[in-house]
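To start, the structure under review is shown below, and the notes come after it.
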Amino acid sequence: MIGVYDSGFGGLSVLGPCMQALPHHSFVYLGDSGRAPYGGRSPDTLLDFAEQAVERLLEEGCSLVIVACHTVSCVALRHLQQRYAASDSPRRILGVTIPGAELAVQRSAGHIGILATERTVRSSTYLTEIAKLGPHRVTQRAAPLLAPLVEEGWEGTEIARLAVDRYLADLPGIDTLLLGCTHYPLLLPVLQRSVPSGVHVLDPAPYVAEALVSWISRHPRFAPSDPASTAGSLRVLCTGDPARFATHGARFLGRALPTVEHIAEVNGRLAHQPLAAPTGQIVR
Ligand code: DGL
């Protein structure tokens, strides 16, 4: 079973292409929507949230976890791999940053622009990964207004266009724009209209799915034992409000979600098991 983790709805834009590419696999999606946005949070808080989410997905029976959130991939992936998926462990944890960097380097003629959250930009992880692959120039711009605009469903509005124009003005001379946040694919129409002609706008999600298929072909123990007779399935878990998650999530996945299950948060930790309904008399 493959777990996919994001700060909220955005990672559903990564889950969709992964499910399409791997129709015989079972997926569990965990969106930490009750504690999103992650983009302005401190590295320590992100490590804590990411540990809790990964532990929950492992408990659900996932042997492979995809960290779909760019912010968590940039800040916490190495830590999560060392802690939960050391080389002698049967589990693996993969992120989106290396596929994103590979895609940008493949497509760029030399100057890559990146829009991402504040924490992703400050981590410099994309700069490091791209530098390993080629001599490209990289200009990053934190775009903290964009994820909330998309969450509000305002991606087609004049406000979104103005915000996008303002951020793009800080990325002069780029030939390729990498979307370094799972929310931004919903802004593709406005971004494509706003970038100067000739600039390629890259949503890394389809490439992440391709990279996952290739990775599984090289690690066949993560493939279903009898794919021909295995139908894929999806469970969706979220912190926050499951009804809101189902409504907004459908925009990111491109279709209706199955029943969204709620994960309770108790004293700042994700509950490990569904909480039993309280019994007995309440004495006031
Ligand atoms: N999902 C996060 C990412 O891809 C962005 C949204 C947030 O700030 O939580 O970086």
Worksheet item: Mind checking whether L177 and L103 sit in one hydrophobic cluster, side chains of I, L, V, M, F, W, Y counted as touching below 4.5 Å?
Response: no
Discussion item. Taking side chain to side chain contact (heavy atoms under 4.5 Å, CB included) as the criterion, tell me which of V236, V65, L57 meets it with V28.
Written reply: L57
Item to complete: Report the distance from atom CD1 of I2 to atom CG of L212, rounding to the nearest 0.5 Å.
Response: 5.0 Å
Discussion item. Does R35 form a side chain to side chain contact (heavy atoms under 4.5 Å, CB included) with D32? I'd like the steps, not just the answer.
Written reply: CA-CA 6 Å; R35 303 189 290 193; D32 196 5; 2.9 Å; yes
Worksheet item: Does one side chain, of S42 or T45, offer a donor that lies under 3.5 Å from an acceptor on the other?
Response: yes
Item to complete: Taking all non-hydrogen atoms of both residues into account, name the closest pair between I114 and Y126 and its distance.
Response: CD1-CB, 3.5 Å
Discussion item. Quick check on the hydrophobic clustering: are I98 and L80 connected, directly or via other members, by side-chain heavy-atom contacts under 4.5 Å?
Written reply: no
Response to the item:
dist T157:OG1 -> L149:CG (nearest 0.5 Å) comes out at 6.5 Å
Worksheet item: More than 12 heavy atoms of other residues, nucleotides or ligands under 6.0 Å from CD of E261: is that the case?
Response: yes
Discussion item. Would you say that more than 12 heavy atoms from the other residues, nucleotides or ligands in this model lie under 6.0 Å from the CZ of R218, or not?
Written reply: yes
Discussion item. Could you tell me if the side chain of P206 sits less than 4.5 Å from the side chain of D203, heavy atoms only?
Written reply: yes
Discussion item. Could you check whether any side-chain heavy atom of P43 comes within less than 4.5 Å of a side-chain heavy atom of R119, counting everything from C-beta outward?
Written reply: yes
Worksheet item: Hey, is the main chain of R244 close enough, under 3.5 Å, to the side chain of H248 for a donor-acceptor pair?
Response: no
Discussion item. Do T71 and T117 pair up side chain to side chain, a donor and an acceptor below 3.5 Å, judged on atom types alone?
Written reply: yes
Worksheet item: Is there a side chain to side chain contact (heavy atoms under 4.5 Å, CB included) between R137 and I112 once you walk through the steps?
Response: CA-CA 6 Å; R137 183 172 164 207; I112 299 164; over 6 Å; no
Fill in: Working for side chain to side chain contact (heavy atoms under 4.5 Å, CB included), residues T176 and L202
CA-CA 7 Å; T176 298; L202 302 178; 3.4 Å; yes
Worksheet item: Okay, side chain of R251, backbone of V150: is any donor-acceptor separation there less than 3.5 Å?
Response: yes
Worksheet item: Where do T120 and A116 come nearest, in terms of heavy atoms and distance?
Response: CG2-CB, 3.5 Å
Worksheet entry | S73 side-chain N/O to H70 backbone N/O, donor-acceptor pair under 3.5 Å | no
Discussion item. With salt bridge (Lys or Arg N to Asp or Glu O under 4.0 Å) as the criterion, how do E265 and R269 come out once you've worked through the C-alpha distance, each side chain's angles and the decisive distance to 0.1 Å?
Written reply: CA-CA 5 Å; E265 191 190 333; R269 314 288 306 168; over 6 Å; no
Worksheet item: Do the non-hydrogen side-chain atoms of Y84 and E55 ever get within less than 4.5 Å of each other?
Response: yes
Worksheet item: Say you draw a straight line from CG of L237 to CD1 of I263; how long is it, rounded to the nearest 0.5 Å?
Response: 4.5 Å
Discussion item. Atom CZ of residue position R122 - does it have more than 12 heavy atoms of other residues, nucleotides or ligands inside 6.0 Å?
Written reply: no
Item to complete: Hey, could you give me the CD1/OH distance between I93 and Y5, rounded to the nearest 0.5 Å?
Response: 11.0 Å
Worksheet entry | D48 CG to Q52 CD distance, which is reported to the nearest 0.5 Å | 4.5 Å
Response to the item:
In short, ring-ring contact (aromatic ring centres under 6.0 Å, His included) pairs touching residues 29-62 with sequence neighbours left out are Y38-F49
Discussion item. Under the criterion side chain to side chain contact (heavy atoms under 4.5 Å, CB included), I'd like the reasoning laid out for V4 against C18: C-alpha separation, chi angles, the key distance, then a yes or no.
Written reply: CA-CA 10 Å; V4 178; C18 290; 5.7 Å; no
Practice prompt. Could you check if a side-chain atom of V121 sits within less than 4.5 angstrom of a side-chain atom of R141, using non-hydrogen atoms only?
Written response: no
Worksheet entry | Any side-chain heavy-atom pair of Q81 and R92 under 4.5 Å | no
Discussion item. So, taking the atom named CE in M1 and the one named CG in L58, what distance separates them when rounded to the nearest 0.5 Å?
Written reply: 10.5 Å
Item to complete: Indicate the atoms forming the closest heavy-atom contact of H111 with S108, along with that distance.
Response: N-OG, 3.2 Å
Worksheet item: Any sub-3.5 Å donor-acceptor pair from S33's side-chain atoms to C238's backbone N or O?
Response: no
Fill in: Check: L46 main-chain N/O paired with R41 side-chain donor or acceptor under 3.5 Å
no
Worksheet item: Can we call the ring centroids of H25 and F222 under 6.0 Å apart?
Response: no
Discussion item. For a quick check under 3.5 Å, do H183 and E151 share a side-chain donor-acceptor pair by atom type?
Written reply: yes
Worksheet item: So, do P90 and R221 sit near enough that their side-chain heavy atoms are less than 4.5 Å apart?
Response: yes
Fill in: Closest approach of L77 to L94 (non-hydrogen atoms, all atoms of both residues)
CD1-C, 3.9 Å
Worksheet entry | Within one Ile-Leu-Val-Met-Phe-Trp-Tyr cluster: L179 and L146, side-chain cutoff 4.5 Å | yes
Fill in: V190 backbone acceptor or donor facing S194 side chain under 3.5 Å
yes
Discussion item. Testing the basics here: between A68 and V96, what is the closest heavy-atom pair and its distance to 0.1 Å?
Written reply: O-CG2, 3.6 Å
Worksheet item: Is there a path of hydrophobic side-chain contacts, each under 4.5 Å between heavy atoms of I, L, V, M, F, W or Y residues, that connects L168 with L188?
Response: yes
Worksheet item: In the single-linkage hydrophobic clustering (I, L, V, M, F, W, Y; side-chain heavy atoms under 4.5 Å), do Y207 and V138 co-cluster?
Response: yes
Discussion item. Using modelled atom types and a 3.5 Å cut-off, is there a donor and acceptor pairing between side-chain atoms of R56 and backbone atoms of A271?
Written reply: yes
Practice prompt. For salt bridge (Lys or Arg N to Asp or Glu O under 4.0 Å), just list the numbers for R107 and D175, CA-CA rounded to whole Å, side-chain angles, deciding distance to a tenth of an Å, and then say yes or no.
Written response: CA-CA 9 Å; R107 300 289 177 83; D175 58 68; over 6 Å; no
Worksheet entry | Heavy-atom check, side chain of L115 versus side chain of L187, under 4.5 Å | no
Practice prompt. Give a yes or no on whether W154 atom CH2 has more than 12 heavy-atom contacts from other residues, nucleotides or ligands under 6.0 Å away.
Written response: no
Worksheet item: Which atom pair, heavy atoms only, marks the closest approach of A76 to L47?
Response: CB-CD2, 3.4 Å
Worksheet entry | Any L64 side-chain heavy atom under 4.5 Å of R91 side chain | no
